[in-house]
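Notes follow once the structure below has been shown.
Order of listing sets the numbers, starting from 1, for every ligand and every atom in it.
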Amino acid sequence: MFGKSTLTNKLLNRQIANQGEISKKNKMGKNTTTEVTLYELDKNTYLLDTPGFQNMDIYEIESKDLENYFIEFKSCIKNCEFVGCTHIKEKNCGIKLAVSEGKIQKERYENYIKIYNELKDKEEHKW
Ligand SMILES: [Zn+2]
């Protein structure tokens, strides 16, 4: 298990670098619901910014939505064979392909798997 701040930091690693891209899109008026940015406000405080939700806890992310938080995954998801691909066990996965080709950093993909499993675990023990 990972501590919350560890997970947050893993998510934040690259998201902050993607901020510029998002604000540019906003200026152009193309504000889509899948654009999500995580801002680190303080060491253990963070803001999840989406058009609909603010100050959402990272653990309120649904595992199936996690891919939206890894912005560089987006352009590769269309190469997945299955709709609803989790990019973990599936064959013919566009994300796995991109990782093997070096288009997506292996570390980022590993973080995705770790966080996905955490969220999945939480969802299964919800009730
Ligand atoms: Zn996939």
Side-chain angles (χ1 to χ4, degrees):
M1 292 295 277
F2 286 85
K4 197 176 196 173
S5 61
T6 311
L7 280 171
T8 309
N9 287 336
K10 281 179 188 301
L11 267 177
L12 283 166
N13 274 343
R14 284 277 295 269
Q15 297 304 98
I16 283 172
N18 284 319
Q19 247 174 261
E21 192 189 331
I22 285 174
S23 59
K24 207 163 89 187
K25 274 182 188 165
N26 286 347
K27 258 183 221 162
M28 289 162 68
K30 288 179 183 174
N31 197 3
T32 68
T33 52
T34 49
E35 300 293 347
V36 180
T37 318
L38 277 163
Y39 302 94
E40 189 172 22
L41 303 177
D42 203 351
K43 206 168 177 235
N44 293 308
T45 313
Y46 46 88
L47 174 69
L48 184 64
D49 183 28
T50 72
F53 303 92
Q54 284 190 345
N55 300 319
M56 202 169 83
D57 193 287
I58 204 168
Y59 276 65
E60 287 176 30
I61 298 171
E62 286 190 47
S63 56
K64 66 176 170 57
D65 294 329
L66 183 63
E67 64 187 31
N68 297 326
Y69 298 80
F70 287 77
I71 292 164
E72 74 269 38
F73 283 20
K74 208 192 254 176
S75 61
C76 306
I77 286 169
K78 63 179 187 295
N79 298 324
C80 294
E81 189 180 8
F82 302 103
V83 176
C85 180
T86 62
H87 323 302
I88 293 172
K89 291 175 199 149
E90 290 89 347
K91 285 178 184 173
N92 302 323
C93 169
I95 303 300
K96 285 194 203 169
L97 182 71
V99 173
S100 71
E101 289 175 348
K103 289 177 191 161
I104 290 174
Q105 283 184 11
K106 199 162 180 281
E107 196 188 22
R108 287 278 290 172
Y109 177 64
E110 284 166 359
N111 285 345
Y112 169 83
I113 295 173
K114 281 174 195 167
I115 297 166
Y116 182 89
N117 288 334
E118 285 264 329
L119 295 174
K120 202 77 187 161
D121 189 57
K122 186 211 66 172
E123 282 161 16
E124 281 164 11
H125 295 95
K126 212 172 189 173
W127 306 109

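With waters neither drawn nor counted, the protein N/O/S atoms under 2.8 Å from the Zn ion (ligand 1) amount to 4.
Cluster membership check: L97 does not share its hydrophobic cluster with V99, using side-chain heavy-atom separations under 4.5 Å among Ile, Leu, Val, Met, Phe, Trp and Tyr.
Between E67 and Y116 the shortest side-chain heavy-atom distance does not fall below 4.5 Å. Put simply, the side chain of E123 reaches to within 4.5 Å of the side chain of S63, judged on heavy atoms.
Although no hydrogens or angles enter the test, the distance criterion places no donor-acceptor pair under 3.5 Å between the side chain of E124 and the main chain of D121.
Among the candidates I88, N79, I77, the single residue satisfying the side chain to side chain contact (heavy atoms under 4.5 Å, CB included) test with I95 is I77.
Using bins of under 30°, 30° to 60° and over 60° for the plane-to-plane angle, the ring pair Y112/F70 lands in the perpendicular bin.
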